[in-house]
Amino acid sequence: MVDLSVDIAGMRLKNPVMPASGTFSEDLAELFDIECLGAHVTKTITRGRRDGNPTPRVCEVDGSMLNSIGIPSKGVADFLKKTVPFYRAYDTPLVASISGNTTEEFATLCREVTVEGVDAIEVNVSCPNIEEDGKAFAIRPSSTYAVMRELRKATHLPLWAKLTPNTGETSEVARAAEEGGADALVVANTLLAMAIDVRTRRPKLGNLMGGLSGPSLKPIALRMAYQCAKATRIPVIGCGGIATSDDVLEFLIAGATAVQVGTATFINPTAMVTIIADLERRLEVERIASVRDLIGTVADGEQKAAVVFMEAAP
Amino acid sequence: MVDLSVDIAGMRLKNPVMPASGTFSEDLAELFDIECLGAHVTKTITRGRRDGNPTPRVCEVDGSMLNSIGIPSKGVADFLKKTVPFYRAYDTPLVASISGNTTEEFATLCREVTVEGVDAIEVNVSCPNIEEDGKAFAIRPSSTYAVMRELRKATHLPLWAKLTPNTGETSEVARAAEEGGADALVVANTLLAMAIDVRTRRPKLGNLMGGLSGPSLKPIALRMAYQCAKATRIPVIGCGGIATSDDVLEFLIAGATAVQVGTATFINPTAMVTIIADLERRLEVERIASVRDLIGTVADGEQKAAVVFMEAAP
Amino acid sequence: MMGTLTSLSTVRAKARPPSVFERDLSVVFNEPVNGEYVRLALAAPSHLLERCRAGQFFHLLCPASGEDKPYLRRPMSIYGFFPKQGELHFLYKVTGAGTRALSKLCTGDSLNVLGPLGVGFRIEDDWRNLVLVARGVGLATLAPLALEARNRGRHLTAICSARSHDVLMSLDYFAEMGAEIITVTDADGTSEMGNVEKIIKRLVAGRGVDAFYTCGSNRMLTLLQALGQRYHIPGETALEQQMACGLGMCHCCVRPFRKAGALVQLRVCREGPVFDLQEAMPW
Amino acid sequence: MMGTLTSLSTVRAKARPPSVFERDLSVVFNEPVNGEYVRLALAAPSHLLERCRAGQFFHLLCPASGEDKPYLRRPMSIYGFFPKQGELHFLYKVTGAGTRALSKLCTGDSLNVLGPLGVGFRIEDDWRNLVLVARGVGLATLAPLALEARNRGRHLTAICSARSHDVLMSLDYFAEMGAEIITVTDADGTSEMGNVEKIIKRLVAGRGVDAFYTCGSNRMLTLLQALGQRYHIPGETALEQQMACGLGMCHCCVRPFRKAGALVQLRVCREGPVFDLQEAMPW
Ligand SMILES: Cc1cc2nc3c(=O)[nH]c(=O)nc-3n(C[C@H](O)[C@H](O)[C@H](O)COP(=O)(O)OP(=O)(O)OC[C@H]3O[C@@H](n4cnc5c(N)ncnc54)[C@H](O)[C@@H]3O)c2cc1C
Ligand SMILES: Cc1cc2nc3c(=O)[nH]c(=O)nc-3n(C[C@H](O)[C@H](O)[C@H](O)COP(=O)(O)OP(=O)(O)OC[C@H]3O[C@@H](n4cnc5c(N)ncnc54)[C@H](O)[C@@H]3O)c2cc1C
Ligand SMILES: Cc1cc2nc3c(=O)[nH]c(=O)nc-3n(C[C@H](O)[C@H](O)[C@H](O)COP(=O)(O)O)c2cc1C
Ligand SMILES: Cc1cc2nc3c(=O)[nH]c(=O)nc-3n(C[C@H](O)[C@H](O)[C@H](O)COP(=O)(O)O)c2cc1C
Ligand code: FES
Ligand code: FES
């Protein structure tokens with residue numbers, strides 16, 4: 001028997017595989033017993049109601065997808081009334097993903113979702129900070145630190161900061177999140193991208209731009225997960241293009257403690273079930289007692305010293 | 001007859017298709033007559049000799065590739081003695097790509113390659129700036145502006161600034177390059193990424209990290225090309241994952257004036273020849289008189305006003 | 001975490017058997033119907049077929065084929081479900097990478113399907129006389145309604161519209177199901193809205209109409225909405241939208257609907273693809 | 001731009017006919033040789049085959065197949081080139097996505113190849129007695145040397161090493177080319193370096209050796225380097241490296257070589273894949 005369990009900032013997960021925010025909901029319980037997952041992560045909510053972006057909200061690009069959903073939300077009241085009770089039927093920890101456009105709104109929501117039944121809060125700091133120039137909090141270390149510090153005051157629950165790949169300062173942002181009080185980092189959200197229908201000359205997304213997710217994102221998210229694991233002492237949860245147990249191993253070896261599976265679930269709704277089973281089998285075959293023995297075991301030898309330099313000169 | 005010619009800062013190209021730096025060399029002339037290309041762009045050189053990075057320098061990722069060549073260079077003397085004369089046998093304009101780790105070194109090299117036979121200089125500002133923290137010049141607007149201003153003083157030739165996707169401030173960096181004196185923008189270089197062999201637990205690249213290029217990069221580079229075209233008044237040369245005439249149309253419609261083809265040439269060495277022929281046929285069929293009629297014709301309607309906001313909330 | 005505390009008060013979704021299936025099914029045939037449309041039959045187990053309803057859809061994992069490498073699944077209406085023969089049918093138009101790849105499937109090949117998904121057509125107990133108005137690929141979605149109508153002993157009139165007679169599909173299918181068929185075409189000039197309106201008014205005046213069904217044409221939708229309001233006849237329409245998950249998780253597939261004076265965004269894959277005729281918005 | 005000025009002084013590369021071909025070739029056969037290796041024959045035009053030399057390679061665009069979607073081309077040594085039959089042969093080991101996809105090709109399928117690429121083996125005019133030492137997939141690279149040796153009337157001794165007799169390949173091929181064959185295996189204990197050294201020393205003492213050739217084994221390379229230095233026998237080795245372009249453009253495929261006391265980086269695809277025995281570095 002191999003041990004798949006991992007520890008994220010004091011929270012024990014029975015295995016390191018959980019869904020990514022926005023790619024999972026109660027609906028998936030119609031396909032399989034979602035109790036098998038390491039955690040349940042809900043779609044990001046905002047305090048008030050929001051409709052989200054114009055359609056089309058999704059388009060396909062070479063082997064991956066773009067989305068511009070735009071965080072439609074029924075608001076915090078609906079979340080507390082319907083979503084939290086649904087997941088209380090499960091032993092699996094519940095992670096609530098939240099977002100806000102100002103620090104105050106963000107912190108208030110953080111306080112509001114600090115309720116029984118919620119085990120950790122994932123803060124989607126990849127959303128725009130309208131108090132500055134509209135760029136996402138997590139694009140800059142300074143705004144990351146500022147918002148995390150306020151969120152930290154708002155809850156006693158573990159805080160997971162979800163970072164964005166739309167930055168040139170991944171390590172610095174990771175450190176700022178840690179210093180601001182994050183208990184873990186989720187690495188990463190989607191990458192800003194675009195596609196145009198050359199026949200109609202119209203953007204393929206109603207919102208003009210959207211976020212790239214799926215296999216194309218994997219090597220970028222893996223690089224970020226590695227950087228974050230090196231830059232901080234808090235656990236990193238890898239996310240981006242993960243679709244197989246090999247992908248999970250790659251992230252664990254790079255330094256991630258757990259992973260989130262997003263787009264792969266759209267292609268194979270039972271992807272996470274398969275991944276967990278394959279992971280267990282792989283560890284048995286390779287006689288690895290615990291999945292924790294893999295974390296951060298990348299043979300980066302002499303190379304790791306030069307990471308910053310490398311960042312700039314591929 | 002359709003007109004494929006475009007104008008980049010006063011330089012007439014017979015068509016908008018040219019190779020991307022580092023993915024083209026004299027060797028390709030063994031396969032087809034490279035006179036058919038819009039321009040010839042050489043591999044980035046540094047002033048002195050450099051060996052480049054440890055091997056393996058390339059690996060495959062899902063439908064794309066990573067490289068960590070690291071700008072090996074025979075130095076400027078060899079470039080002037082061998083490379084420039086080779087291309088003087090062609091009428092096609094020659095674009096010399098250069099790089100330096102300090103502003104001074106960069107500017108000196110810029111002066112040195114300002115010779116007869118070189119028609120424009122592409123400045124690879126995606127290389128590390130060792131005078132600051134080792135991050136690429138083009139990650140921040142301030143360092144982009146600073147280096148461009150010095151390069152501008154060093155030459156009378158058109159200066160093309162080649163930007164990096166490893167930034168959260170594409171529009172700002174583009175504007176900084178324009179203000180610093182760039183005559184055109186090449187958008188973009190490779191995106192920092194990583195891959196690990198899960199069997200050996202070793203990074204797949206000898207340099208640990210490397211740059212993502214190929215189809216996965218396309219939606220990101222397209223978004224950047226659109227942002228740069230909106231943010232500045234200088235021509236944008238799109239680059240990233242372009243492999244077909246449809247890809248070229250997508251970039252032109254997004255606002256690019258010309259394009260560079262990189263990795264696609266590794267897969268199909270005659271890709272550029274095919275693209276140019278297909279482009280001509282497409283224009284004929286759709287009765288578009290000039291390729292210039294396509295530039296920036298994306299139907300972005302009311303959406304474009306909200307670009308900054310969108311950047312952060314896919 | 002709080003499991004023991006709350007499991008008494010909430011019915012755990014996990015206790016229920018799966019109501020949606022993800023399965024590899026084998027191709028029975030995959031044959032062109034005319035130059036544009038292809039009919040695909042898959043061998044399916046009866047427990048899956050028994051869950052199918054007219055108006056529901058499956059999300060198909062189209063395999064890569066040559067240059068075509070579709071990534072996302074493709075939504076496709078159930079064209080027919082036959083528990084006795086053990087067959088699930090689709091009728092699709094070859095438009096892009098996904099359907100092109102689909103059209104390359106040969107007998108015996110396997111295809112991964114996810115479904116049945118979404119909410120199908122309603123047939124209220126007192127709806128005796130049904131009228132469907134279909135055009136183009138909308139036929140694929142409406143056809144199984146004829147099957148259900150027959151099974152439940154309702155009278156169905158199918159008004160089938162097309163560019164010309166040779167691309168009019170499914171007439172045999174409707175005939176077999178005992179539906180009354182009225183064909184209109186662009187070639188004849190019979191498909192224009194004024195004429196269709198006349199035909200429907202005649203039906204209303206004749207045996208009467210208890211419900212309208214439509215799919216695939218904006219102009220038909222607008223016409224039926226007007227006639228429905230005028231004669232107080234309820235109805236339903238099936239709608240399309242780009243999808244990612246097909247299961248209700250991603251919120252990609254929303255469309256706006258008029259509900260109690262306000263516009264609400266509903267998911268085509270979950271609250272639809274069949275919606276109330278009057279609540280739907282022309283696009 | 002400066003064309004008119006300079007075109008007189010420089011020979012334009014574009015004036016020359018292409019020396020490298022990118023072509024779709026059709027599969028004649030693609031058959032397993034043993035559990036690990038597959039032999040592939042492609043129908044090729046003679047003008048292409050006439051440009052081939054032993055030691056050169058082709059860059060193959062392996063088609064997607066099922067889950068395997070190789071993106072980059074895969075380098076593969078020429079195993080045989082037969083202008084009269086119009087065939088180009090490869091011998092490959094199934095290792096990953098690319099070669100797995102390759103192994104699925106059927107007779108009549110088409111495969112896009114790029115080549116011939118790189119620099120092949122030298123056979124100087126005064127090299128009469130050639131010795132090749134091959135192991136594993138190195139055989140694929142060295143085999144056509146036997147063809148060239150026969151064509152040029154040289155004597156070739158092929159020392160073939162393998163795990164066991166049943167995975168020893170190409171013996172027939174060598175025999176057909178009139179080569180003298182010496183086999184050594186791990187199973188027999190004959191493949192260890194001490195024994196191979198003894199065999200080579202016997203050849204040196206006997207009819208003499210004018211050149212060594214090897215590929216695919218670090219230990220063999222080291223041994224031949226030592227023997228070459230001791231007896232002043234020149235030699236060549238073929239090397240491998242990860243490649244992208246295969247044409248010399250990308251500088252992915254470099255390896256370090258000893259040249260005039262310094263280490264220089266040379267491109268395996270361009271300056272190689274065949275290099276001077278003494279300049280090569282064991283890896
Ligand atoms: C509920 C539902 C039922 C449908 N039933 C049928 C049917 O029975 N027969 C039929 O021929 N078609 C049907 N369609 C449309 C069908 O899904 C599209 O034609 C198909 O997805 C096109 O895929 P493609 O790769 O060939 O085309 P592409 O244009 O290359 O597709 C690109 C992307 O756009 C999406 N897309 C393109 N057209 C549509 C569309 N009309 N609706 C939703 N997404 C689209 C694709 O799924 C894909 O993600 C239905 C759509 C929906 C939403
Ligand atoms: C000049 C040259 C000649 C060769 N000749 C032969 C031959 O005749 N027969 C034969 O079986 N093999 C030969 N090889 C090795 C062959 O190229 C690899 O086995 C093959 O590329 C593996 O691809 P894959 O997708 O099956 O394996 P994967 O391991 O999935 O390949 C992943 C990537 O690594 C590269 N790669 C893997 N192994 C090697 C290698 N040894 N050398 C270079 N790149 C590699 C692949 O090209 C691909 O880009 C040769 C290599 C070179 C450089
Ligand atoms: C349709 C869709 C909706 C998403 N919604 C959210 C969201 O609400 N909050 C969030 O933090 N991330 C959201 N994401 C990002 C994912 O959680 C994940 O970070 C990203 O998709 C990368 O992982 P993947 O490649 O496995 O999908 C969404 C992604 C997709 C594709
Ligand atoms: C092997 C390789 C080497 C490269 N070398 C350089 C270089 O020397 N200078 C440079 O500016 N860009 C270099 N690039 C980046 C390309 O010019 C191009 O910006 C990038 O690959 C994206 O385009 P693509 O997806 O079409 O390849 C290199 C890319 C590759 C793949
Ligand atoms: S397609 Fe995902 S919610 Fe409808
Ligand atoms: S593979 Fe590109 S230079 Fe050798």
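Values below: all heavy atoms of this structure, side chains included; hydrogens, waters and symmetry mates excluded. Sequence lines set the chain letters: A, B, ... in the order given, protein chains first and strands last, and positions in each chain run from 1.
- Using a 4.5 Å cut-off between heavy atoms, Leu61(D) touches chain B through its side chain atoms alone.
- Looking at every heavy atom in both residues, Leu247(D) comes nearest to Leu28(B) through CD1-CD1, 3.8 Å.
- More than 12 non-hydrogen atoms from other residues, nucleotides or ligands lie less than 6.0 angstrom from NZ of Lys104(D).
- At least one donor-acceptor pair under 3.5 Å links the side chain of Arg57(B) to the backbone N or O of His251(D).
- The heavy-atom pair separating Thr263(B) from Tyr71(D) by the smallest distance is CG2-OH, 3.3 Å.
- The most heavy-atom pairs under 4.5 Å with chain D, out of Gly22(B), Gly52(B), Gly214(B), Pro56(B), come from Gly22(B).
- Atom NZ of Lys14(B) has more than 12 neighbouring heavy atoms from other residues, nucleotides or ligands inside a 6.0 Å radius.
- Residue Pro72(B) touches chain D through its side chain alone, counting heavy-atom pairs closer than 4.5 Å.
- Interface remark: Pro70(D) contributes backbone and side-chain atoms alike to the contact with chain B (heavy atom separation under 4.5 Å).
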Side chain to side chain contact (heavy atoms under 4.5 Å, CB included) between His59(D) and Phe266(B), worked out:
CA-CA 10 Å; His59(D) 217 19; Phe266(B) 299 166; over 6 Å; no
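- Residue-environment remark: CZ (Arg219(D)) stays at or below the threshold of 12 foreign heavy atoms within 6.0 Å.
- Of the two parts of Thr23(B), only the backbone, made up of N, CA, C and O, holds a non-hydrogen atom closer than 4.5 Å to a non-hydrogen atom of chain D.
- A 6.0 Å sphere centred on CZ of Arg163(D) holds no more than 12 heavy atoms belonging to other residues, nucleotides or ligands.
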One pair to check against side chain to side chain contact (heavy atoms under 4.5 Å, CB included): Thr265(B) and Met249(D). What are the steps and the verdict?
CA-CA 10 Å; Thr265(B) 295; Met249(D) 303 188 292; 3.7 Å; yes
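- Considering every non-hydrogen atom in both Cys252(D) and Ile69(B), the closest pair reads SG-CD1, 3.5 Å.
- Between Arg270(D) and Glu30(B), at least one side-chain nitrogen of the basic residue sits less than 4.0 Å from a carboxylate oxygen of the acidic one, meeting the salt-bridge criterion.
- Between Gly248(D) and Ser25(B), the shortest heavy-atom contact is O-OG, 4.1 Å.
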Assess the residue pair Asp27(B) and Arg267(D) against the criterion (side chain to side chain contact (heavy atoms under 4.5 Å, CB included)); give the C-alpha distance rounded to whole Å, side-chain angles, the decisive distance to 0.1 Å, and a yes or no.
CA-CA 13 Å; Asp27(B) 306 292; Arg267(D) 294 165 297 182; 3.8 Å; yes
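- Heavy atoms of Asn268(B) lying under 4.5 Å from chain D belong to its backbone as well as its side chain.
- Counting only heavy atoms from C-beta outward, the side chains of Arg255(D) and Thr55(B) never approach each other to under 4.5 Å.
- The one candidate from Lys69(D), Gln242(D), Arg74(D) that meets the side-chain hydrogen bond (donor to acceptor under 3.5 Å, both in side chains) condition with Glu60(B) is Arg74(D).
- Arg201(B) CZ: more than 12 foreign heavy atoms inside a 6.0 Å radius.
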